[in-house]
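This report refers to the structure that appears directly beneath it.
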Amino acid sequence: GDSVTQMEGPVTLSEEAFLTINCTYTATGYPSLFWYVQYPGEGLQLLLKATKADDKGSNKGFEATYRKETTSFHLEKGSVQVSDSAVYFCALSGFYGGATNKLIFGTGTLLAVQP
Amino acid sequence: NAGVTQTPKFQVLKTGQSMTLQCAQDMNHNSMYWYRQDPGMGLRLIYYSASEGTTDKGEVPNGYNVSRLNKREFSLRLESAAPSQTSVYFCASSSTGGGTEAFFGQGTRLTVV
């Protein structure tokens, strides 16, 4: 079945460092790809998304490019801040019978940014 | 904007007790979902509802039942709680169509002792 694999954490960085969180997927068809972020004690919120190959999603300085040839959707940010400390989830969605978009999540990567 | 509202936020149950987690959305979404979040496991789908009147099993449905009461509300019931059901539960909703965003509630932290 469809699945998402992302790098295990925790990832610990100093403020202003470059961030990469790797995400690869296995899917039939043409899924949409997402990054969600979860701040402590809160629910998940969408960070960015891409719906077709070669699309780049971006938001708040974060970027990810939908690479069909490598089945990847790596998250990057050029200069992280303490406020970026959170758990980041890679996810995919597609149609699984019935017109619904079930999200399949990776295990999450905890990012801790130190001042 | 309320978005997705879950109640309660916290709950402690004894083994064998039952309870219902409530979820309501005000975005007129067709699809609703229940996930559980466990350390190192990410979010796993328990049940989902593609539209009012339909429900389907997800990855980990055992020990749970759901009701799609109307378009707004989707409840999750634990008939006989077990310690293995200690988790954080999230409800989510989305519109129908490729690439649409899911909106999540704040979560219910459930402990079964």
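In what follows, chains are A, B, ... by sequence order, proteins preceding strands, each numbered from 1. These numbers come from a predicted model, not from an experiment.
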When rounded to the nearest 0.5 Å, the distance separating CG of A:L47 from CD of B:E101 is 10.5 Å
Value rounded to 0.5 Å, distance of CZ in A:F105 from CD in B:Q37
9.0 Å
Check whether A:Y36 gets within reach of chain B through its side chain, its backbone, both or neither, counting any heavy atom under 4.5 Å.
side chain
By a 4.5 Å heavy-atom criterion (distance strictly below it), what part of A:Q38 contacts chain B: side chain, backbone, both, or neither?
side chain
Is it the backbone or the side chain of B:L43 that comes under 4.5 Å from a heavy atom of chain A, or both, or neither?
both
Rounded to the nearest 0.5 Å, what separates atom OG in B:S94 from atom CG in A:L46?
12.0 Å
Between B:E59 and chain A, with a heavy-atom cut-off of 4.5 Å, which part of the residue counts as in contact: side chain, backbone, both or neither?
neither
About how many Å separate OG1 of A:T107 and CG of B:D38, when rounded to the nearest 0.5 Å?
12.0 Å
Hey, is CD on A:E42 packed in by over 12 heavy atoms from elsewhere, all under 6.0 Å?
yes
Please examine the side chains of A:L103 and B:Y35, heavy atoms only from C-beta on, and report whether any two atoms are closer than 4.5 Å.
yes
A:K68, NZ: over 12 other non-hydrogen atoms inside 6.0 angstrom:
yes
Please check if B:L110 and B:V4 belong to a single hydrophobic cluster, counting links between Ile, Leu, Val, Met, Phe, Trp and Tyr side chain heavy atoms closer than 4.5 Å.
no
Is it the case that atom CZ in B:R44 sees more than 12 heavy atoms from other parts of the structure closer than 6.0 Å?
yes
Is it the case that atom OH in A:Y39 sees more than 12 heavy atoms from other parts of the structure closer than 6.0 Å?
yes
Please indicate whether B:M41 has more than 12 foreign heavy atoms, meaning atoms of other residues, nucleotides or ligands, lying under 6.0 Å from its CE.
no
Would you say A:E16 has more than 12 foreign heavy atoms packed within less than 6.0 Å of its CD?
no
